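Working notes for the structure below.
Values below: all heavy atoms of this structure, side chains included; hydrogens, waters and symmetry mates excluded. Below, chains carry the letters A, B, ... as their sequence lines are ordered, and counting in each starts from 1. What you see is a predicted model, and the numbers here were worked out from it, not measured in a lab.
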2 protein chains.
Amino acid sequence: MTAAVSPPTRKDAARNRARLLEAAEQLFSTEGLSVTLKDIAARAGVGVGTVYRHFPTKGDVLDALFADRLACATESARAAAADADGWRGLVRYLEDAMDMQANNCGLRGLVMETEPSSPLVVKTRQEITVLVQQMVAKAREQGTLRPDFDATDLTFVQVALAAIMDATRDTDPDLYRRHLKLFLDGMRSAGHREPLEARAATH
Amino acid sequence: MTAAVSPPTRKDAARNRARLLEAAEQLFSTEGLSVTLKDIAARAGVGVGTVYRHFPTKGDVLDALFADRLACATESARAAAADADGWRGLVRYLEDAMDMQANNCGLRGLVMETEPSSPLVVKTRQEITVLVQQMVAKAREQGTLRPDFDATDLTFVQVALAAIMDATRDTDPDLYRRHLKLFLDGMRSAGHREPLEARAATH
DNA sequence: GAAAAAGCGGACCAGCTGGTCCGTTTCTCG
DNA sequence: CGAGAAACGGACCAGCTGGTCCGCTTTTTC
């Protein structure tokens, strides 16, 4: 019988581990991936040594922390891909994905970074890629998505929206929704367009 | 008669200054704003002390280097704003602006950074902002730009495209053009759409 | 051609990263 | 309760950043 992976037998060890994860959760979601293990230690009220003992690298923290989030993202994509209306699924997928990233800078960093650290992230990306391809194909067949739109284009639409999100986080964190609609109108094959609501930035 | 600003009287001083600017030019345009004065010194084949004597701060190098580029950007915007066809001017402006940024990472950094360093940059931005407003207003009046598109939206379209450019610089540096067209279609009020050419990224 | 001025270069410094190590404290178990 | 193991914490280290300083070299001047 295989033992569970390193169950922290001691009381204080377990307590500190929990504290660390909690601190990391908060810091990653508000500050993004750039926080250091030192920051996490300070936030959790423990020494740096303790952090490094529990999680030798930042990647280990992330794996422990974002496993469920990534699963959730996959699930959302799967649901969107299951929509009979390809376009509607696509829109839902984009809205969900960007919403997650808006509320969690760490997740955004994890998804957007060019050199994927963890195999878990790689796997998630692959799964989602497949689902996105299905959505795009369906929406294109149904004639709602412009025929020259490629599944790989969607990646860059997300990159673009993430950049807008970063630029407006402090001033107008919901502005990206407006531009999402704008981009969607560029992707549409034809048909009625809903007008954008209100006007743009405070700027 | 006012003397020209600090004319380097000595031969070697002038030579080194020229070398430094040349080195800075290359480094900034290929690497972006993150290059250090040390890098520039190494590239120019001089000691760090020499750099800091000629240009106490990185900002000084940038001012000396990008003055003409910024002027050029303003000029381009002015020309685009002068176009009788508002939409055409807008497209030209976007194409020109992004093209400049594609060929010069330093310029991109300078334009995109949130905390504007030099007053020269600030001034340029203000001028261009005014011109952009004119273009947007004209194109909207002429009915080619969707009526709910705001001048401030354009900033974020540029942010978005810059992000795509960054993400694809190594693999497919022209991909941003495709997405520019996509975004333009989202901005259009109505009318015929040209299809996107070829397909998307190598992935 | 020699002395003075101007410029040069890189050793050096302070401040900041990420990460290790070991003396002390806390826990567990008999 | 006491001994030994496990975990703690932060002083400490190496490597990097931006930036200064001063002995030496080059240029200019007379």
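Nearest nucleotide to the side chain of B:Val46, out of D:dA7, C:dG9, C:dG18: C:dG9. Minimum atom distance to the side chain of A:Thr36 is reached by C:dT17, of the listed C:dC27, D:dG18, C:dT17. Side chain of B:Asp12, nearest nucleotide from C:dT26, D:dC8, D:dT26: D:dT26. Checking D:dG19, D:dG9, C:dC27 against the side-chain heavy atoms of A:Arg53 singles out D:dG9 as nearest. Distance from the side chain of B:Val48 is smallest for D:dT20 among the nucleotides D:dT28, D:dT17, D:dT20. Each of D:dC8, C:dG19, C:dT28 was ranked by its minimum atom distance to the side chain of A:Tyr52; first place goes to C:dG19.
If you take CZ of A:Phe55 and C1' of C:dG18, they are 17 Å apart, rounded to a whole angstrom. Taking atom CG on B:Asn16 and atom C1' on D:dT26, their separation rounds to 11 Å, with Å as the unit. Counting to the nearest Å, the C1' atom of D:dG9 and the NZ atom of A:Lys38 are 13 Å from each other. For the pair A:Lys58 NZ and C:dG18 P, the interatomic distance rounds to 7 Å; values are reported in whole Å. A straight line from CZ of B:Arg15 to P of D:dT28 spans 11 Å, rounded to a whole angstrom. Rounded to an integer number of Å, the gap from B:Leu37 CG to C:dG10 C1' is 15 Å. Between the P atom of C:dT17 and the CG atom of A:Leu33 lies a distance of 17 Å, rounded to the nearest Å. Atoms CD1 (A:Ile40) and P (C:dT17) sit 14 Å apart, rounded to a whole Å.
Side chains of A:Tyr93 and A:Leu131 form no contact here, defined as non-hydrogen atoms less than 4.5 Å apart.
Side-chain N or O atoms of B:Arg140 include one that pairs as donor or acceptor with a backbone N or O of B:Phe149 at under 3.5 Å.
Ring geometry for B:Phe183 against A:Phe183 counts as parallel: the plane angle stays under 30°, on a 0 to 90° scale with 60° as the upper cut.
Salt-bridge formation is not detected for the pair B:Glu95/B:Lys181: no Lys NZ or Arg NE/NH1/NH2 atom is positioned less than 4.0 Å from an Asp or Glu carboxylate oxygen.
Judged by distance alone, with hydrogens and angles left aside, A:Arg10 brings no side-chain donor or acceptor close enough to the base of D:dA7 to form a pair under 3.5 Å.
One side chain, A:Ser118 or A:Asp63, offers a donor N or O that lies under 3.5 Å from an acceptor on the other.
Proximity of B:Thr50 to the phosphate of C:dG9: a side-chain N or O atom is located under 4.0 Å from OP1 or OP2. Proximity of B:His54 to the phosphate of C:dG7: no side-chain N or O atom is located under 4.0 Å from OP1 or OP2.
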